[in-house]
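Since the structure comes first, as structure tokens, the remarks are kept for the end.
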Amino acid sequence: MTHLIVLPHGDPTLRYEAPGHRTAELHRAAVDRLTSAAQRQWLRGVLRTEAEAAAGSGTGDLALLEAADRFLSEPPRAPDVDGTGVPDGAATSRLLAVDVVLTLAGPRAGWPVTLRLDDLELVHGTTQSTADVARAAAAGGTPFVPELLQARALLDDGPAVLFVDRDQQLPALFALVAQGPARPLFLDGPFARRHWPVLRRHLPPGSGLRRTHALARAEGRPEAWLTRPDDGPWADQLTGAELAALAAGAAAPAGCAAAVVTLAAATAEGVLTADGTALSAGQLASAVRQLAGAAVRVLAELWLGAPGVDETQLRATAAWLAAADLPWQVAGCRPFHLPGPRRPGADGPEYDRRQGEPTWAGHPAPVRPAPPELDLPRGALLDGPTRTELLPELLAVLAARHTPVPGRVAGAYLAEPGTPEPEDRLVPGATVVMVGAHTVLADLRTRRTYALDPRLGGRLARLGPGQPVSAVLPQGRALERTVALLSSIGVLSGKVSHA
């Protein structure tokens with residue numbers, strides 16, 4: 001049987017299966033090891049040394065680590081038998097904790113890359129440049145040494161295919177090639193196929209592509225992720241044309257179990273989807289309700305930086321999304337990119353080229369030529385403002401009604417959102433920890449920490465997952481003051497009635 005080797009740093013929440021293949025999930029093994037109890041203990045020692053050297057002023061990172069350790073030390077709760085997730089935000093808290101441990105460890109470990117739950121960046125250069133990736137691989141120090149040794153052993157064991165789904169896996173691929181011996185390697189995966197003419201130049205002679213028909217699913221979920229198989233449920237982005245058809249009364253696409261609605265602008269006056277389709281607010285609402293009525297879970301994303309969408313429109317969109325009474329979860333924000341074909345048989349790019357200049361939704365979309373050193377570009381480089389400076393402000397607006405996902409990974413999008421409760425409770429990723437003699441409230445989502453009075457902190461530290469604040473504080477003025485305090489710093493979910 002052929003080995004299907006999924007390299008780090010792929011989406012660690014995905015499980016892969018392919019007919020006739022035995023899967024080696026090295027992408028998951030790497031993250032499990034890098035966030036293990038042993039790794040957290042090593043990181044705790046490093047951060048304590050830093051705090052001592054800073055005369056106690058550097059306890060913020062240590063508090064974040066202790067909060068992450070608390071969430072990761074709790075046994076993961078399995079989904080219910082019907083496939084639904086855990087209603088108290090435990091899955092989201094764990095993903096936030098993984099992200100914190102990875103980001104805190106990178107600079108202290110001296111890796112040539114920085115890691116996040118959903119990303120990898122080179123310390124020097126970019127994964128859009130094979131020259132930069134090759135230099136990083138040659139320098140050594142990769143965080144994936146045990147997994148690369150395992151990959152080499154599997155390659156020596158028999159037929160194998162390396163699965164490369166995204167550019168974050170390139171440092172592992174290039175490090176594996178640098179190890180030798182120079183025998184042919186066979187690749188599969190969306191990224192490998194899209195960039196094969198460039199990648200093949202950096203692989204041993206005789207290397208090639210092999211179709212594995214691999215499907216990816218988030219752990220504990222039945223849906224195929226970002227692909228639409230002929231049989232079985234799937235989760236994918238819907239096009240503007242599909243939303244318009246739904247608004248006109250069309251049935252939900254066959255097999256659709258979860259749909260991501262991507263928006264560039266949306267207010268009561270009108271909607272622009274990320275592929276440039278204009279809809280009315282009523283059409284969007286009808287489409288979302290049509291999906292929800294077919295038991296499809298709906299998530300919405302706001303894409304920042306679309307041509308012709310200014311700061312005022314984005315602020316108005318965030319306010320409208322937060323207030324809209326629709327059966328969906330607003331997952332958060334991401335940078336805009338010009339859409340293009342995403343799967344075999346899909347339509348071409350949803351933007352027009354008129355007299356050589358691209359347009360999107362009727363707005364000029366000037367594209368900068370990619371520098372020659374960027375031989376693995378992620379997409380067209382728009383020559384315009386990205387609006388990413390608005391991200392914290394917009395997320396804060398959305399978080400008033402919704403819990404944004406903790407990263408662009410399948411497990412974050414498909415984790416069941418917490419059921420709204422009538423009582424106030426800490427948001428996922430927020431908890432109280434002790435750092436030396438200090439009592440600290442740590443919010444892993446915002447990476448902020450707050451010193452608390454030891455008496456109040458001691459009570460809040462006893463909160464179990466999903467418990468309301470009233471579980472540790474009696475009704476009365478003290479509870480009202482505490483709820484007002486926690487609400488003011490944005491760490492409460494539920495019905496906030498005392499802020």
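Throughout, numbering of the chain's residues begins at 1 and tracks the sequence.
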Note, R447 side chain near T103 side chain (heavy atom, < 4.5 Å):
yes
Indicate whether any N or O donor in one side chain lies under 3.5 Å from an N or O acceptor in the other, for D188 and T212.
yes
Beyond-backbone contact of L162 with L4, side-chain heavy atoms, under 4.5 angstrom
no
Angle class for the F336/W360 ring planes (parallel below 30°, perpendicular above 60°, tilted otherwise)?
perpendicular
Counting N and O atoms only, with roles assigned by atom type, does the side chain of H27 sit under 3.5 Å from a partner on the main chain of R15, one being a donor and the other an acceptor?
no
Does either side chain, that of D132 or that of H124, offer a donor lying less than 3.5 Å from an acceptor on the other one?
no
At what distance, to the nearest 0.5 angstrom, does OG1 of T35 lie from CG of L43?
11.0 Å
For Y413 and W225, take the angle between the two ring planes, folded into 0 to 90°, and tell me which bin it lands in: parallel under 30, tilted 30 to 60, perpendicular over 60.
tilted
R334 side-chain N/O to W303 backbone N/O, donor-acceptor pair under 3.5 Å
no
Is it true that atom CZ of R210 has more than 12 heavy atoms of other residues, nucleotides or ligands lying nearer than 6.0 Å?
no
To the closest 0.5 Å, what do you measure between CG (L155) and CZ (R152)?
5.0 Å
Tell me, yes or no, whether the heavy-atom count around R448 atom CZ, taken from other residues, nucleotides or ligands under 6.0 Å, exceeds 12.
no
Would you say the side chains of R378 and T127 form a donor-acceptor pair under 3.5 Å?
yes
Rounded to the nearest 0.5 Å, what separates atom CZ in F191 from atom CG in L199?
6.0 Å
For residues L243 and V261, determine if any side-chain heavy atom of one lies less than 4.5 Å from a side-chain heavy atom of the other.
yes
Going by distance alone, is a donor N or O of one side chain under 3.5 Å from an acceptor N or O of the other, for H202 and T130?
yes
Heavy-atom count around D231 CG within 6.0 Å, excluding the residue itself: above 12?
no
Quick one, P204 and L185 - any side-chain contact, counting heavy atoms below 4.5 Å?
yes
Between the side chain of D383 and the main-chain N/O of V367, is any donor-acceptor distance below 3.5 Å?
no
